[in-house]
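Heads up: the structure comes next, in structure tokens.
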Amino acid sequence: HLGRVDFAFSLLGQHLKLGIPLKVIHFNILINGLIQNDRLDHAKVLLDKIVKLGFQPNIWTYTSLINGLSNADKLGEAVALLKKTEELGLRPDVVTYNAIIKGQCRVGDFEGARRLFREMQGNNNCRPDVTTYSTLISGLCKVGLFSHAHELFSEMKGQGILPDAIAYNTLIRATCMSGDWGKVTDLVAEMVESNIPIKVDTYGTLVDMYSKHGMLDQARDIIRFMIERGVTPDIITFTALLDGYCSCGRMGEASKLMELMAEKGCEPNVVSFNSLIKGYCKAQDPDGALSVFQKMVDEGPTPDVITFNSLVDGLCKNNRFSVALQFMNSMEAHGLTPN
RNA sequence: AUACCGUGUGAUCUC
């Protein structure tokens with residue numbers, strides 16, 4: 001998780017040298033670490049090696065790999081590996097299927113997702129669970145199929161599966177995107193009735209959705225409300241509102257919010273600063289955007305590709321083409337490549 | 001017996 005996979009490998013080597021017995025879960029952790037660090041090919045090689053060493057990979061091992069393939073949009077390979085686990089006599093479980101379904105939804109393969117979903121329904125070993133439904137609902141929401149999302153949510157409840165906070169958050173987002181604010185209120189009430197505590201991620205969803213609809217007073221009120229209720233807004237929640245102000249070029253309110261964040265001990269991150277750059281450009285104050293950039297270089301957070309994209313885009317929209325080009329050309333000096 | 005490894009939700013660019 002710290003990106004120190006090589007160190008993890010050397011620890012494993014020391015265990016081997018000392019004759020400490022290793023189990024498959026130790027390899028599972030390594031394989032998963034490689035995948036989290038975008039080294040899918042190394043993970044595949046490691047799997048082959050551990051088989052040759054005489055270890056028996058279990059379904060967790062394969063599910064890690066399948067998840068990595070799925071996240072890399074290699075869904076054909078992921079499904080092939082799923083079939084292979086069955087041939088090996090392993091039982092893919094609900095986690096295995098959910099990992100693939102998420103990828104299929106992301107690339108828009110709802111046919112494939114539906115096929116696996118049906119397969120799960122016919123298999124006692126891996127019935128769809130609340131995660132399966134949330135994955136599908138989120139996928140449908142991302143392509144704007146809100147009514148399908150609602151239907152699936154009802155279907156889930158009909159199956160006797162109790163929605164958890166994440167399932168509600170997912171559906172709340174879908175409901176906000178269709179602009180049905182009354183229904184949003186109902187869903188939050190339903191969470192309360194079901195004894196599901198409303199936490200920072202639910203509030204954050206509401207703040208973001210109100211902000212994206214230009215309902216900035218409502219978004220601000222949600223933040224006030226959560227503070228009253230003793231829930232501390234996090235950087236994601238604050239930045240959602242900040243971006244609302246920036247998207248409208250309301251930089252006075254954006255600055256006030258930055259002050260409130262400082263007061264609450266919430267450090268703005270690169271996302272917050274990128275949003276400010278966009279905002280100053282939107283407010284036709286490219287010099288303001290340049291000062292934000294300069295502050296990032298001097299004091300952090302370190303600019304990323306999106307910082308430059310926002311700045312270049314914003315400068316162009318203010319007819320500052322040659323400065324925009326200079327910034328684009330300076331990316332390499334900051335260790336970045338234009339995308 | 002318990003605990004440790006794999007899946008789902010919220011923020012920034014490309015109008």
Side-chain angles (χ1 to χ4, degrees), chain A residues 1 8 23-33 35-36 43 57-68 70-71 78 85 92-103 105-106 120 126 128-139 141-142 149 156 163-174 176-177 199-212 219 222 233-244 246-247 268-279 281-282 292 301 303-314 316-317 338-339:
Chain A
H1 292 160
K23 293 187 178 172
V24 69
I25 109 158
H26 303 114
F27 291 107
N28 289 354
I29 294 170
L30 275 177
I31 284 183
N32 200 39
I35 288 164
Q36 305 299 334
N58 57 20
I59 192 58
W60 292 54
T61 322
Y62 282 100
T63 299
S64 277
L65 261 178
I66 286 170
N67 185 43
S70 178
N71 288 336
T85 60
D93 61 16
V94 62
V95 177
T96 319
Y97 277 91
N98 290 348
I100 301 180
I101 288 176
K102 183 188 181 188
C105 287
R106 196 187 44 255
M120 295 173 80
C126 52
D129 64 2
V130 65
T131 300
T132 317
Y133 278 99
S134 300
T135 304
L136 286 166
I137 290 169
S138 172
C141 172
K142 279 179 184 132
M156 172 176 72
D164 60 8
I166 293 184
Y168 274 107
N169 291 345
T170 309
L171 192 70
I172 284 172
R173 187 176 160 76
C176 292
M177 288 176 83
K199 295 206 262 210
V200 65
D201 50 355
T202 305
Y203 288 116
T205 302
L206 294 172
V207 170
D208 182 45
M209 287 291 108
Y210 278 126
S211 296
K212 282 197 165 52
I222 296 283
D234 62 6
I235 183 63
I236 293 182
T237 309
F238 276 123
T239 304
L241 177 58
L242 185 74
D243 187 60
C246 290
S247 296
N269 62 16
V270 65
V271 177
S272 325
F273 277 90
N274 291 348
S275 198
L276 285 173
I277 287 176
K278 173 181 69 175
C281 291
K282 182 98 187 167
V292 172
D304 64 8
V305 175
I306 294 183
T307 311
F308 279 91
N309 289 352
S310 304
L311 193 57
V312 169
D313 181 52
C316 287
K317 284 174 181 149
N339 64 10

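Per chain, numbering begins at 1; letters A, B, ... match sequence-line order. Keep in mind that what you see is a predicted model, and the values were worked out from it rather than measured.
Counting distance only, with no hydrogens placed and no angle test, the side-chain atoms of A/Thr135 and the base atoms of B/rG8 include no donor-acceptor pair under 3.5 Å. The base of B/rG8 does not come close enough to the side chain of A/Asp129 for any donor and acceptor atom to sit less than 3.5 Å apart. For A/Asp234 and B/rA11, a side-chain-to-base donor-acceptor distance below 3.5 Å is absent, hydrogens and geometry of angles not being considered.
A/Val130 comes within 4.0 angstrom of a nucleotide base, judged by non-hydrogen atoms across all strands. Counting non-hydrogen atoms under 4.0 angstrom, A/Ala165 reaches nothing in the nucleic acid. Base contact: A/Asn269 has a heavy atom under 4.0 Å from a base atom. Residue-level contact check: A/Thr131 touches the bases, meaning some heavy atom is under 4.0 Å from a base atom. In this structure, A/Thr132 reaches neither bases nor backbone, as no heavy-atom distance under 4.0 Å exists between it and the strands shown. Across all strands shown, A/Lys23 has no heavy atoms under 4.0 Å from either base or sugar-phosphate atoms.
If you take CG on A/Asn339 and CD1 on A/Ile306, they are separated by 8.0 Å, rounding to the nearest 0.5 Å. Atom-to-atom distance recorded for A/Leu30:CG and A/Ser64:OG is 11.0 Å, nearest 0.5 angstrom. Note that CD1 of A/Ile172 and CE of A/Met209 are 11.5 Å apart. Values are rounded to the nearest 0.5 Å. The NZ atom of A/Lys142 sits 9.0 Å away from the CZ atom of A/Arg106 when rounded to the nearest 0.5 Å.
With A/Ser272 contributing its side chain and A/Asn269 its backbone, the two residues share a donor-acceptor pair below 3.5 Å.
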Go through the steps for A/Thr85 and A/Ile59 under the test side chain to side chain contact (heavy atoms under 4.5 Å, CB included), then give the verdict.
-> CA-CA 7 Å; A/Thr85 60; A/Ile59 192 58; 4.1 Å; yes
Walk me through it: do A/Ser247 and A/Lys278 pass the test side chain to side chain donor-acceptor pair (under 3.5 Å)?
-> CA-CA 7 Å; A/Ser247 296; A/Lys278 173 181 69 175; 3.1 Å; yes
Go through A/Asp234 and A/Thr237 one step at a time and tell me if the side chain to side chain donor-acceptor pair (under 3.5 Å) criterion holds.
-> CA-CA 5 Å; A/Asp234 62 6; A/Thr237 309; 2.7 Å; yes
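Scanning for side-chain hydrogen bond (donor to acceptor under 3.5 Å, both in side chains) contacts around A/Tyr203 gives an empty result, with sequence neighbours left out. The side-chain hydrogen bond (donor to acceptor under 3.5 Å, both in side chains) check on A/Thr307 picks up A/Asn274, A/Asp304, with sequence neighbours excluded. A/Phe238 is linked by a ring-ring contact (aromatic ring centres under 6.0 Å, His included) to nothing, counting only residues two or more places apart in sequence or in another chain. Under the rule for a salt bridge (Lys or Arg N to Asp or Glu O under 4.0 Å), A/Lys199 has no partner lying at least two apart in sequence or in another chain. With sequence neighbours left out, A/Asn58 forms a side-chain hydrogen bond (donor to acceptor under 3.5 Å, both in side chains) with A/Asn28, A/Thr61. Annotation: ring-ring contact (aromatic ring centres under 6.0 Å, His included) contacts of A/Phe273 (sequence neighbours excluded): none. In terms of the side-chain hydrogen bond (donor to acceptor under 3.5 Å, both in side chains) criterion, residue partners of A/Ser275 (sequence neighbours excluded) are, by chain and number, A/Asp243.
When the nucleotides B/rG10, B/rC5, B/rU7 are ranked by their closest atom to the side chain of A/Asn67, B/rU7 comes out on top. With B/rC4, B/rG6, B/rU9 as the choices, the nucleotide that has an atom nearest any side-chain atom of A/Ile25 turns out to be B/rC4. Checked against B/rG6, B/rG8, B/rG10, the side chain of A/Thr96 finds its nearest nucleotide in B/rG6. Distance from the side chain of A/Ile166 is smallest for B/rG8 among the nucleotides B/rG10, B/rG8, B/rU7. Taking every side-chain heavy atom of A/Val200 into account, B/rG10 is the closest of B/rG8, B/rC5, B/rG10.
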Output one line per pair: protein atom, nucleotide atom from nucleotides 1-3 of chain B, and distance, for all N/O pairs under 3.5 Å.
none

Could I get a table of every N or O pair under 3.5 Å where one atom is in the protein and the other is in nucleotides 13-15 of chain B?
from   : atom 1 : to       : atom 2 : distance (Å)
B/rC13 : OP1    : A/Lys278 : NZ     : 3.1
B/rC13 : O4'    : A/Ser310 : OG     : 3.2
B/rC13 : O2     : A/Asn309 : ND2    : 2.5
B/rC15 : O3'    : A/Lys317 : NZ     : 2.3

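For the pair A/Asn274 CG and B/rU12 C1', the interatomic distance rounds to 5 Å; values are reported in whole Å. Distance A/Ile100 CD1 to B/rG8 C1': 15 Å, rounded to the nearest Å. Distance A/Asp201 CG to B/rA11 P: 11 Å, rounded to the nearest Å. For the pair A/Leu171 CG and B/rU9 P, the interatomic distance rounds to 14 Å; values are reported in whole Å. Taking atom CG of A/Asp93 as the reference point, atom P of B/rG8 lies 14 Å away to the nearest angstrom. B/rC4 atom C1' lies 9 Å from atom NE2 of A/His26, rounded to whole Å. Protein atom OH of A/Tyr62 is 19 Å distant from nucleotide atom C1' of B/rU7, rounded to whole Å. Rounded to an integer number of Å, the gap from CD of A/Gln36 to C1' of B/rU7 is 11 Å.
Here A/Phe273 does not lie in a stacked arrangement on the base of B/rU12, lacking the combination of planes under 30° and ring centres under 5.5 Å apart.
Note on A/Arg173: a side-chain N or O is less than 4.0 Å away from OP1 or OP2 of B/rA11. Side-chain nitrogen and oxygen atoms of A/Lys102 include none within less than 4.0 Å of the OP1 or OP2 phosphate oxygen of B/rG6.
Residue pairs that meet the salt bridge (charged side-chain N to carboxylate O under 4.0 Å, His left out) test with at least one member in residues 200-209 of chain A, sequence neighbours left out, are A/Arg173-A/Asp208, A/Asp208-A/Lys212.
Within residues 202-211 of chain A, the residues that place at least one heavy atom under 4.0 Å from RNA chain B are, in residue-number order, A/Gly204, A/Thr205, A/Asp208.
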How would RNA chain B look in dot-bracket form, 5' to 3', counting Watson-Crick and G-U wobble pairs with both distances under 3.5 Å and writing | for bases paired to another strand?
-> ...............
